[in-house]
Amino acid sequence: MAFLDEVRDPMALKALICFVDMLPERRTEIAERLRQGLFADKAEYVQGAAQALIAWIKLSTRTIPAIMAERLLIAVEARQWTGLYAVLQALRAFVVAGLLSGDQLDRLNGLLNELVEETSYVRIDPASIEAGVVSVVRLQCVRLARALVDAGAGGLGADSWLALAPKDPLPEVRHALEEEEN
């Protein structure tokens with residue numbers, strides 16, 4: 001942990017995951033560092049924490065504290081636009097790995113449904129922080145929707161995104177599922 005304090009590189013959070021199995025007594029501390037990253041005010045810290053969670057899933061789904069899924073959902077509920085795309089990407093990894101409960105999947109569908117309206121291009125002020133990331137957030141919403149449907153957990157939110165994607169004015173959103181396959 002001293003390494004992270006000295007380096008101050010948000011992407012170094014991913015390095016913590018290498019120690020999860022070697023130092024099981026530090027899992028709680030590692031999870032706390034990731035929580036701090038998820039709720040940071042800089043996108044690179046949020047992205048670093050989200051990427052670390054994805055790496056943790058690839059390493060071992062059995063060692064991820066269940067609270068991490070809850071923290072990701074809370075991060076979406078908070079609508080902190082800084083790094084929201086990365087949180088959605090991590091949630092997709094949690095869905096694919098089967099790490100969300102039925103209630104959490106329902107909640108996630110509801111959140112996706114809310115994001116349909118909140119990420120509408122007509123609602124976004126061109127001079128806002130949201131304007132710079134809305135297309136990436138929408139892209140991640142489409143990919144997350146596909147993951148939910150593939151996991152048998154589709155709902156109104158997922159269905160709405162999958163219906164909207166082919167009509168989106170931006171090609172990165174319109175082709176989000178095609179690009180993911182490549």
Side-chain angles (χ1 to χ4, degrees), residues 9-14 34 37-58 68-69 71-100 104-182:
D9 181 356
M11 295 312 283
L13 287 170
K14 199 171 178 181
L34 295 180
L38 288 174
F39 293 96
D41 61 354
K42 291 187 166 69
E44 55 268 19
Y45 284 96
V46 179
Q47 183 180 2
Q51 291 299 316
L53 284 168
I54 293 168
W56 198 342
I57 288 171
K58 289 177 182 175
M68 295 314 297
R71 289 180 174 154
L72 286 168
L73 289 167
I74 291 168
V76 176
E77 288 171 338
R79 298 299 198 278
Q80 183 175 338
W81 280 84
T82 305
L84 181 58
Y85 65 92
V87 171
L88 294 166
Q89 186 178 31
L91 274 166
R92 181 169 46 111
F94 272 68
V95 169
V96 169
L99 295 174
L100 297 182
Q104 289 172 326
L105 290 167
D106 290 343
R107 203 161 120 216
L108 181 53
N109 254 300
L111 291 168
L112 276 179
N113 194 46
E114 293 169 8
L115 285 170
V116 168
E117 176 68 25
E118 292 175 24
T119 62
S120 169
Y121 297 118
V122 296
R123 280 193 61 181
I124 302 293
D125 175 3
S128 68
I129 292 171
E130 293 90 348
V133 295
V134 68
S135 65
V136 185
V137 169
R138 289 176 65 89
L139 176 144
Q140 290 303 332
C141 285
V142 171
R143 291 181 175 171
L144 180 52
R146 170 53 60 206
L148 283 166
V149 169
D150 289 349
L156 182 60
D159 293 344
S160 296
W161 278 106
L162 294 176
L164 285 171
K167 300 175 228 159
D168 198 279
L170 295 180
E172 61 264 35
V173 178
R174 220 175 23 249
H175 302 292
L177 299 177
E178 296 168 24
E179 292 171 11
E180 184 180 38
E181 293 169 3
N182 296 330

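Please read these numbers as outputs of a predicted model, since none were measured by experiment.
Of all heavy-atom pairs between Ala86 and Ala50, the closest is O-CB, 3.3 Å. The two atoms that bring Ala40 and Val46 nearest to each other are O-CG2, 3.7 Å, heavy atoms only. The two residues Gly155 and Asn109 have their closest heavy-atom pair at N-OD1, 3.4 Å. Between Val142 and Ala176, the shortest heavy-atom distance links the atoms CG1-CB, 4.0 Å. The heavy-atom pair separating Ala147 from Val96 by the smallest distance is CB-CG2, 4.1 Å. The nearest pair of heavy atoms linking Ala49 to Leu38 is CB-N, 3.6 Å.
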Problem - Audit row: Arg143, Leu139, side chain to side chain contact (heavy atoms under 4.5 Å, CB included) steps and yes/no - result: CA-CA 6 Å; Arg143 291 181 175 171; Leu139 176 144; 3.6 Å; yes
Exercise for the section: Step by step, work out the side chain to side chain contact (heavy atoms under 4.5 Å, CB included) result for Thr82 and Asp41. Expected result: CA-CA 7 Å; Thr82 305; Asp41 61 354; 5.8 Å; no
Exercise for the section: Let me see the working for Asp159 and Val149 under side chain to side chain contact (heavy atoms under 4.5 Å, CB included), right down to the final yes or no. Expected result: CA-CA 8 Å; Asp159 293 344; Val149 169; 4.3 Å; yes
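Using a 4.5 Å heavy-atom cutoff, the side chains of Leu111 and Glu118 are not in contact. In this structure the side chain of Glu172 never reaches within 4.5 angstrom of the side chain of Val136, judged on heavy atoms. Inter-residue side-chain proximity for Trp161 and Arg146 is flagged as unmet; no heavy-atom pair is nearer than 4.5 Å. Using a 4.5 Å heavy-atom threshold, the side chains of Val134 and Leu170 count as separate. Within the 4.5 Å cutoff, the side chain of Leu115 has heavy atoms near those of the Leu88 side chain. Under the 4.5 Å side-chain criterion, counting only non-hydrogen atoms from C-beta, Trp81 is in contact with Ile124. For the pair Leu144 and Leu108, the minimum side-chain heavy-atom distance is below 4.5 Å. At a threshold of 4.5 Å between non-hydrogen side-chain atoms, the residues Leu73 and Leu91 count as touching.
From Phe94, atom CZ reaches atom CD of Gln104 across 9.0 Å, with rounding to the nearest 0.5 Å. Rounding to the nearest 0.5 Å places CD of Glu114 at 11.5 Å from OG1 of Thr119. Once rounded to the nearest 0.5 Å, the distance linking CD of Gln51 with CD1 of Ile54 reads 4.5 Å.
Looking only at distances, no side-chain donor or acceptor of Gln47 sits under 3.5 Å from a matching main-chain atom of Tyr85.
Between Glu77 and Arg107 there is a salt bridge, since a side-chain N of the basic residue sits under 4.0 Å from a carboxylate O of the acidic one.
Taking the centre and axis of the six-membered ring of Tyr121, the NZ or CZ atom of Arg138 falls inside the cone set by 45° and 6.0 Å.
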